[in-house]
Amino acid sequence: MSEAAAAHNVDWMAARALAHGAGRPLPFQTVNLADALGQTLAEPVHALQAIPHYASSAMDGWAVNGEPPWTLVRHTEPEEHPRGRPSPHSDSGAVSLAPGEATFILTGGVVPQNAVGILRTEHGSVRGDVLDRNDSARPDEPSPHEHVRPAGEEAEAGSEAIPAGVVLNPAQIALAAVCGHDTLAVLRAPRVSLLMTGDEVIDHGLPHPGQVRDTFGPQLPGFVAMLGGHVDVAGRAKDDLDDVVAAISAEPTDELSLARASGDVLITTGGTGSSSADHIRRALTELGAELIIDGIAMRPGHPTLLARLRDGRFLVGLPGNPLAAMMAMLTVAGPLLAGLRGSPLEEPGTVTSADAFEPLPGRSRLVPYRSESKRAVPSTHQRSGMLRGLAAADGVMVVPAEGCAAGDAVPSLALPWLAG
Ligand SMILES: Nc1nc2c(c(=O)[nH]1)N[C@H]1C(S)=C(S)[C@@H](COP(=O)(O)OP(=O)(O)OC[C@H]3O[C@@H](n4cnc5c(N)ncnc54)[C@H](O)[C@@H]3O)O[C@H]1N2
Ligand code: MOO
C-alpha cells in the first residue's frame, strides 16, 4: 500500500472531491439508439439535417393554389413506379400547382410547389375533378401556410439538439432518431462488483444472537444503479485473509475472483476495522493497492476506504454498520461513479437545522432528517447500526465539527431514491 498517497481521516468535503477526482471518465462507446436509453451522452447530438427536413402537410387534405373552385391535378405516375408501388407522401411533392389547382396530400406529405395552404378533408367537397370548400370551411380557408409544417421549424441543420452529459431518456432517443442518428456516443455505466464479508451475516430468515441479516445484498445493486453504476456480480468472502485476498485479486484463483476482477469498481462491505476478523486493510496491503482515502472525518462511516488496485480497479470499502455504509455510499461511491461517468460532482444543498448540535471535534456528523415546516428535523434512530432514521428521511444534513445552533443553515445531501 503506498502510504505516501493515503489521505488519513479526510475532511468530509475533501473526501467527496478526492473520490470524484479519482474517477476519470471511462472511454466512450458507440451504441445503437435502442441501447442508449439510460446511458450518459458523451457528445452533443446535432441535427444532421433541418428538422423537419421538408415542408410537409399537418393534415390529410388538399394542397391548393389560388381561389376555388380548384381543379384537382395528380402527379403523373411513371409506367413503372421507381419504388415498385405509389408513395403518396412523396408523390405530392412532384406536383407544381398553377393558380386554381389543388392536389390531394397526406399528413406528412411533401407540400407541392406553389401551394398556398392545405384545405383539410373535412372542409372540402369533390365533384368529379373539382374541389370546393364545404359548409364547414371558413370563407378564407386555407389562409397562407395553413396546416403547413415548414422545413427547419424545429431545428436548423447542424444545430445542437441534445447537450452532452445528459442521461438519455425516451424523448431524447426519439429526438436523436429525428436528427438522423443511428448510433450515439455514450459513456458506459461503470461496472461494479460487490464483495460482502462477515461470517455472522445471513441472507434470509431470522438471525440468532451473534448473527445479523444482510442489509446490503438486497439493496446495494439498486443503490449503485441510482448512482449511475451497474452491478455485474455480487459475492461473499469468508472472514479469512486468504479468502478476502483471493476475492479482491484480479488473479483467476477461482471463478468468482475472476468475475469480480472484471469491473471498474469493487465495493466491499464490512471488515474495514482492525480486529482479527477484519481483513480489508490487510488484503489491500498484501495486494499492493494504493490507498486514496484511509478514513473520513465523519460520523458515522469513519473507517470508509477508497483504494486503487494494481489492475486499475477502484475499491470502495464500506464499513459493516448499515447506516455507516449508506453514508459512505453517498460520500465516496456516489462521487466516484459520477467521476467515472464524466458527470460533475453534485454540490451539497443547504437546509435549516431545527435543532442545535454540540461540537464534535474533528468530525462532520451525517444526520438523516425529515423536513417539517421548511426545517430539517433530525430523524430518530440514527446510530451507526440503525436504519429507521434513514428509511424515513427526506435527506441527510452534514453538521460541521463545531456544531450548529437551531436555525443555522447546514449543508445537505439529497437521497438518490428521492431525487427527481
Ligand atoms: N475497537 C474499535 N472498534 C470499532 C471501531 C473502532 O474505531 N475501534 N469503529 C467502529 C466503527 S465506527 C465502525 S463503522 C465499525 C466498522 O466495522 P467494520 O467495517 O470492520 O465492519 P464489521 O466489523 O464487519 O461489522 C460491523 C457491524 O456491522 C454488521 N454488519 C456487517 N455486515 C453486515 C451486513 N451485510 N448487514 C448488516 N449488518 C452487517 C456487523 O455484524 C457488525 O455489527 O467498527 C466499529 N468498531
Ligand atoms: O464510523 Mo462507524 O460508522 O460510526 O459506526
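Indexing begins at 1, ligand by ligand and atom by atom, following the structure's order.
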Checklist outcome for this item: In chain-and-number order, ligand 1 lies under 4.0 Å from a heavy atom of each of Glu200, Val201, Val212, Arg213, Asp214, Thr215, Phe216, Gly270, Gly271, Thr272, Gly273, Asp278, Pro303, Pro319, Gly320, Asn321, Pro322
Is it the case that [X] and [Y] place a side-chain donor and acceptor less than 3.5 Å from each other?
{"X": "Ser143", "Y": "Asp140", "answer": "no"}
{"X": "Thr103", "Y": "Trp62", "answer": "no"}
{"X": "Thr107", "Y": "Asp60", "answer": "yes"}

Next on the checklist: Which residue is it: Val399, Val398, Val396? I am looking for the one with a side chain to side chain contact (heavy atoms under 4.5 Å, CB included) to Arg365.
Outcome noted: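 So the option named by the test is Val399.
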Item to check | Phe223: partners by ring-ring contact (aromatic ring centres under 6.0 Å, His included), with sequence neighbours left out | outcome: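 If we apply the ring-ring contact (aromatic ring centres under 6.0 Å, His included) test to Phe223, skipping adjacent residues, the hits are Trp417.
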Item to check | Salt bridge Arg191-Asp264, side-chain N to carboxylate O under 4.0 Å | outcome: no
Next on the checklist: Could you check whether Lys238 pairs with Asp240 (Lys NZ or Arg NE/NH1/NH2 to Asp/Glu carboxylate O, under 4.0 Å)?
Outcome noted: no
Checklist outcome for this item: For ligand 2, protein residues within the heavy-atom limit of under 4.0 Å are Pro300, Gly301, His302, Pro303, Asn321, Ala324, Ser384
Checklist outcome for this item: Here the gap from Thr352 atom OG1 to Met397 atom CE, rounded to the nearest 0.5 Å, amounts to 10.0 Å
Next on the checklist: Show me the pairs that pass side chain to side chain donor-acceptor pair (under 3.5 Å) and involve residues 15-41, at least two apart or across chains.
Outcome noted: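 Qualifying pairs: Thr40-Arg341.
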